[in-house]
Amino acid sequence: MNRKFSSKIILGLLALLTLSLMLELFIFGSRPSGDDDLRKRLIEEHQVFSVPVPENLTFAKEGIPINRLDVKENLEREFLFLTYWPAGTLLMIKRANRWLPIIEPILKKYGVPDDFKYIALVESGFTHESSSRGAGGFWQFLEGTAEMYGLEVNDQVDERYHVEKSTQAACKYFLDAKKQLGSWTLAAASFNLGISGISTQLKQQNARSYYDLALNEETGRYLYRVLAAKAIYQNPADYGFRLRKKDLYPIIPTYKVKIESEHVDMTEFAQREGVPFRILKLLNPWIRKTSLTCDPGQCYFVSLPEPSFAKTEGLQTEPQAFGLSEIPDYLSKNNDLSEIADTVVDAKN
């Protein structure tokens, strides 16, 4: 009995050893056996290229001293970062197709160069996340600066997240910065460090140009990141980003509804308008709660998706039915229909 039992154990162990060897060969047999093979496969399968830096970059028609060694290397750093951070850069390009058509005409109206739109692209990537310092919105305004430039910021409404109004505030800031600092390039850099911050550094370092300043890491990289984002956005294929027109996030054509009631439940408002509350929040992230209260004489304009677009794209719900005698109080009898139906984005664009 003992011999037979021992024989079975030995045979079992031999079988397990054979199976283990077979698995080892199956799993690892195709792997390179030495450093030379590994190096060869690395070269063949994992290739990283240097990124060419354009030699004719400008910002707001102001020249960049690309021939300077430090300037070229700083630019290359940002090109490499944005090129080899493909998911984030790709998302920025896709989102920009939706939001830049709203930002561009506002910049033009205020006489701010079109290149400043890339600051919003770099600041937020067109997301509404808040920074660790409490900055918010596409332009990443701090609360104090936002209020200084006329934006309402409280627990009910935060207009840093209002695309049109925050862009108007950014334009006012850039115009002030240009007037005080003398160039659009310095005005752009001051959006990160502040007008007084840049002015102080210029005086302390006896410098005239952003490219001559020794700045903190964030501000020192700031304009170079904007320039790299501009070049990649304008020519994405040159940097390996292949997008078809249908890959870009579409513009959402909207119209506005005027609200001037003392208190409106925004979830009910969305239900009445046949729009999911989530979509209302997507288009109006400045509304911070599920209700909106207007002081006497005050009103807000809420953006809603144009009905035919909402229906086509599945953004519509069944509106709550109500008769003529049940017209919601947020639609005042005195409302100007031209105001209520004010189109923000032309659907044909």
Side-chain angles (χ1 to χ4, degrees), residues 58-62 92-128 136-141 145-146 149-152 157-179 184-185 187-188 191 226-227 229-236 243 245 248-258 279-280 282-287 299-310 313 336-349:
T58 61
F59 181 79
K61 296 183 179 180
E62 295 178 357
M92 284 197 300
I93 296 171
K94 290 164 76 75
R95 293 185 189 121
N97 188 69
R98 171 173 293 164
W99 298 112
L100 286 185
I102 297 175
I103 291 172
E104 289 165 343
I106 297 174
L107 294 175
K108 184 176 181 180
K109 177 182 177 181
Y110 278 83
V112 174
D114 188 67
D115 282 352
F116 277 84
K117 66 190 180 187
Y118 299 110
I119 288 180
L121 187 69
V122 166
E123 283 282 357
S124 63
F126 295 120
T127 68
H128 291 294
F138 284 175
W139 295 96
Q140 289 290 285
F141 272 114
T145 308
Y149 284 93
L151 298 179
E152 182 180 351
V157 169
D158 190 340
E159 291 182 335
R160 293 179 295 174
Y161 298 89
H162 192 298
V163 180
E164 294 97 336
K165 289 187 177 182
S166 65
T167 301
Q168 291 169 5
C171 287
K172 295 173 185 176
Y173 175 94
F174 293 135
L175 292 171
D176 282 350
K178 169 64 162 57
K179 184 177 180 180
W184 289 117
T185 301
F191 204 64
V226 173
L227 290 167
K230 172 187 173 180
I232 293 173
Y233 176 79
Q234 290 180 340
N235 300 286
L243 295 101
K245 187 175 182 179
L248 302 172
Y249 293 159
I251 297 167
I252 301 176
T254 63
Y255 67 98
K256 290 183 182 291
V257 173
K258 185 178 182 181
I279 301 303
L280 183 142
L282 171 68
L283 296 175
N284 304 275
W286 52 273
I287 301 174
C299 69
Y300 295 103
F301 287 91
V302 176
S303 295
L304 294 173
E306 192 274 324
S308 61
F309 179 88
E313 299 297 327
D336 185 336
L337 291 178
S338 64
E339 286 185 311
I340 296 174
D342 177 33
T343 301
V344 178
V345 181
D346 188 342
K348 295 181 181 179
N349 292 335

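For reference, positions follow the sequence shown, starting with 1.
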Worksheet item: What heavy-atom pair brings Lys258 and Cys299 nearest, and what distance separates the two atoms?
Response: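 Between these two residues, the closest heavy atoms are CE-SG, 3.7 Å.
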
Worksheet entry | Check ion pair Asp115-Lys230 (N to O, under 4.0 angstrom) |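 Lys230 and Asp115: salt-bridged.
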
Quick one: does [X]'s side chain get under 4.5 Å of [Y]'s, heavy atoms only?
| X | Y | result |
| --- | --- | --- |
| Phe126 | Arg98 | no |
| Lys117 | Leu107 | yes |
| Tyr300 | Trp286 | yes |
| Pro250 | Asn97 | no |
| Ile103 | Phe116 | no |
| Val157 | Ile287 | no |

Going from [atom1] on [X] to [atom2] on [Y], what distance comes out if it is rounded to the nearest 0.5 angstrom?
| X | Y | atom1 | atom2 | result |
| --- | --- | --- | --- | --- |
| Arg160 | Lys165 | CZ | NZ | 15.0 Å |
| Ile93 | Leu121 | CD1 | CG | 8.0 Å |
| Asn284 | Leu304 | CG | CG | 7.0 Å |

Practice prompt. Verify whether the ring centers belonging to Tyr249 and Trp99 lie closer than 6.0 Å.
Written response: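 Centroid distance Tyr249-Trp99: not below 6.0 Å, so no.
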
Practice prompt. With sequence neighbours excluded, tell me which residues meet ring-ring contact (aromatic ring centres under 6.0 Å, His included) with Trp139.
Written response: Phe174

Discussion item. So, using ring-ring contact (aromatic ring centres under 6.0 Å, His included) as the criterion, who are the partners of Tyr149 when residues are at least two apart?
Written reply: Tyr173

Item to complete: Using modelled atom types only, decide if a donor and an acceptor are shared between the side chain of Thr167 and the backbone of Val163 within a distance under 3.5 Å.
Response: yes

